[in-house]
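The structure appears right after this line, and notes come after that.
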2 protein chains.
Amino acid sequence: MEASPPATPNGKQQHLLEQLRRAAHELSGQDLHAQLRNTPQAMGLATVYRHLRQLQQRGLVRCRHLPSGEALFAPTERDEHHLTCVDCGRTVPLPACPMHGDDLSPQQLDGFQLLFHTLEFFGLCPLCQQRQQG
Amino acid sequence: MEASPPATPNGKQQHLLEQLRRAAHELSGQDLHAQLRNTPQAMGLATVYRHLRQLQQRGLVRCRHLPSGEALFAPTERDEHHLTCVDCGRTVPLPACPMHGDDLSPQQLDGFQLLFHTLEFFGLCPLCQQRQQG
DNA sequence: GATAGAGTGAGTATCATTCTCAGTCAAGGG
DNA sequence: CCCTTGACTGAGAATGATACTCACTCTATC
């Protein structure tokens with residue numbers, strides 16, 4: 001099917017990473033699969049997830065889970081965190097990350113090779129506060 | 001009616017909360033359901049999840065998601081965070097939380113009523129680092 | 001009692017993710 | 001040139017956690 005020159009070790013992972021970098025916000029596995037459909041870089045859903053996991057293990061993408069269970073992916077270098085409503089699920093990005101992995105002592109790291117972190121705040125958004133009072 | 005004081009609004013929710021407080025570590029919805037089976041406090045799986053969501057919305061329990069997609073619940077007052085291996089999924093609790101919600105400015109909060117936060121670090125555990133090199 | 005409303009749970013539906021497995025490709029040997 | 005080997009792929013099925021449905025059961029009130 002695909003006879004590409006042996007330039008890069010893995011073209012599909014590169015495509016996924018570029019897609020994530022191009023995107024204005026985090027994407028789910030389903031999003032990525034849908035966006036690539038009908039393009040020359042199209043790939044099956046299983047392949048998307050396979051490579052996302054590998055990219056994550058190589059520290060190139062980070063991943064967070066919505067309350068809905070959906071996982072969202074973004075490039076690791078984008079250090080963005082969120083405020084999420086536990087009622088309606090609405091998510092607001094926070095402008096800056098008040099936290100860095102350096103804050104962990106070697107003893108706390110316990111031999112782990114740190115790849116990324118997620119810091120998520122949960123609460124009730126203004127609309128859901130209103131609705132609950134009404 | 002919600003006219004009654006919120007101290008003991010619902011016996012089943014109380015049971016779930018007590019179960020979580022008694023437990024040495026976080027529990028999933030399935031765990032809670034299984035642990036209560038064959039006790040006087042037994043309740044259906046649907047009821048467990050219903051009440052867990054309500055407890056979360058009232059700020060009484062926090063919830064985090066494992067890479068496997070499973071959600072783990074703990075009482076909010078237990079301010080525990082983790083180091084998780086993105087390969088094998090092993091999780092190590094961190095002794096202290098280097099982060100507090102107070103670190104968010106009112107402007108950042110954007111009207112949200114803050115309930116809890118999750119701070120999770122991801123990396124490769126020593127065993128998985130070895131295995132990947134071998 | 002009769003009635004209304006909230007709470008419940010067994011079974012089913014949903015949906016993201018993972019698994020299976022047969023097909024395809026690339027490289028190297030004979 | 002075949003032929004083997006191994007890695008990669010993806011369609012479809014399996015998995016598993018969670019949400020939904022709806023008939024049933026309490027409880028309180030009339």
Side-chain angles (χ1 to χ4, degrees), chain A residues 1-16 26-58 61-74 84 86-89 91 122 132, chain B residues 1-4 6 8-17 26-58 61-73 84 86-89 91 122 132:
Chain A
M1 228 31 185
E2 196 155 332
S4 50
T8 54
N10 190 315
K12 302 220 166 178
Q13 273 183 33
Q14 283 302 319
H15 287 140
L16 285 173
E26 311 152 293
L27 297 173
S28 68
Q30 309 276 352
D31 289 340
L32 283 164
H33 175 250
Q35 287 193 6
L36 292 176
R37 191 163 24 188
N38 300 324
T39 76
Q41 290 85 35
M43 65 188 86
L45 202 48
T47 305
V48 170
Y49 283 111
R50 256 193 295 256
H51 287 314
L52 281 175
R53 189 147 36 125
Q54 286 178 19
L55 284 169
Q56 195 181 337
Q57 289 183 14
R58 290 153 102 216
V61 309
R62 72 173 65 230
C63 150
R64 72 171 177 122
H65 285 264
L66 293 182
S68 70
E70 201 177 14
L72 296 181
F73 297 84
T84 298
V86 293
D87 193 351
C88 66
T91 265
F122 296 87
Q132 287 192 4
Chain B
M1 272 306 211
E2 63 281 359
S4 55
T8 53
N10 186 310
K12 301 221 167 178
Q13 273 183 35
Q14 282 302 317
H15 286 139
L16 286 172
L17 191 51
E26 313 151 292
L27 298 173
S28 67
Q30 309 276 354
D31 289 340
L32 282 164
H33 175 249
Q35 287 195 4
L36 292 175
R37 192 163 22 188
N38 302 324
T39 77
Q41 291 85 35
M43 64 187 87
L45 202 49
T47 305
V48 170
Y49 282 113
R50 256 194 296 258
H51 286 316
L52 281 175
R53 187 148 40 126
Q54 287 179 17
L55 284 169
Q56 196 181 336
Q57 288 184 15
R58 298 215 236 137
V61 310
R62 75 172 64 230
C63 150
R64 73 172 177 122
H65 285 264
L66 293 182
S68 71
E70 200 176 16
L72 296 181
F73 296 85
T84 299
V86 294
D87 193 351
C88 66
T91 265
F122 296 87
Q132 287 192 5

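Below, read A as the first sequence line, B as the second, and so on, with proteins coming before strands; counting in each chain starts at 1.
Of all heavy-atom pairs spanning B/F122 and B/P67, the tightest one is CE2-CG, 4.3 Å. For the residue pair A/L52 and A/V61, the shortest heavy atom distance occurs at O-CG2, 4.0 Å. Smallest separation of non-hydrogen atoms from B/L66 and A/H65: O-NE2, 3.7 Å. Scanning all heavy atoms of the two residues, the minimum distance from B/A42 to B/R37 falls at CB-CA, 4.2 Å.
Here CD of A/Q41 is found 12.0 Å from CD of A/Q35. Values are rounded to the nearest 0.5 Å.
Rounding to whole angstrom units, NE2 of residue B/H15 and P of C/dG9 are separated by 12 Å. Atom CG of B/L36 and atom P of C/dT8 are 13 Å apart (whole Å). Rounded to whole Å, the distance from CD on B/Q41 to P on C/dT8 is 13 Å.
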Footprint string (nucleotides 9-22 of chain D, 5' to 3'): B base within contact, S backbone only, - free, heavy atoms under 4.0 Å: BBB-----SBSB--
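The side-chain heavy atoms of B/D87 and A/R53, taken from C-beta on, include no pair separated by under 4.5 Å. The shortest distance between side-chain heavy atoms of B/R50 and B/K12 does not fall below 4.5 Å.
Taking B/H33 as the reference, nothing meets the side chain to side chain donor-acceptor pair (under 3.5 Å) condition, with sequence neighbours excluded.
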Would you tabulate the pairs of protein nitrogen or oxygen atoms and nucleotide nitrogen or oxygen atoms of nucleotides 24-26 of chain D closer than 3.5 angstrom?
none

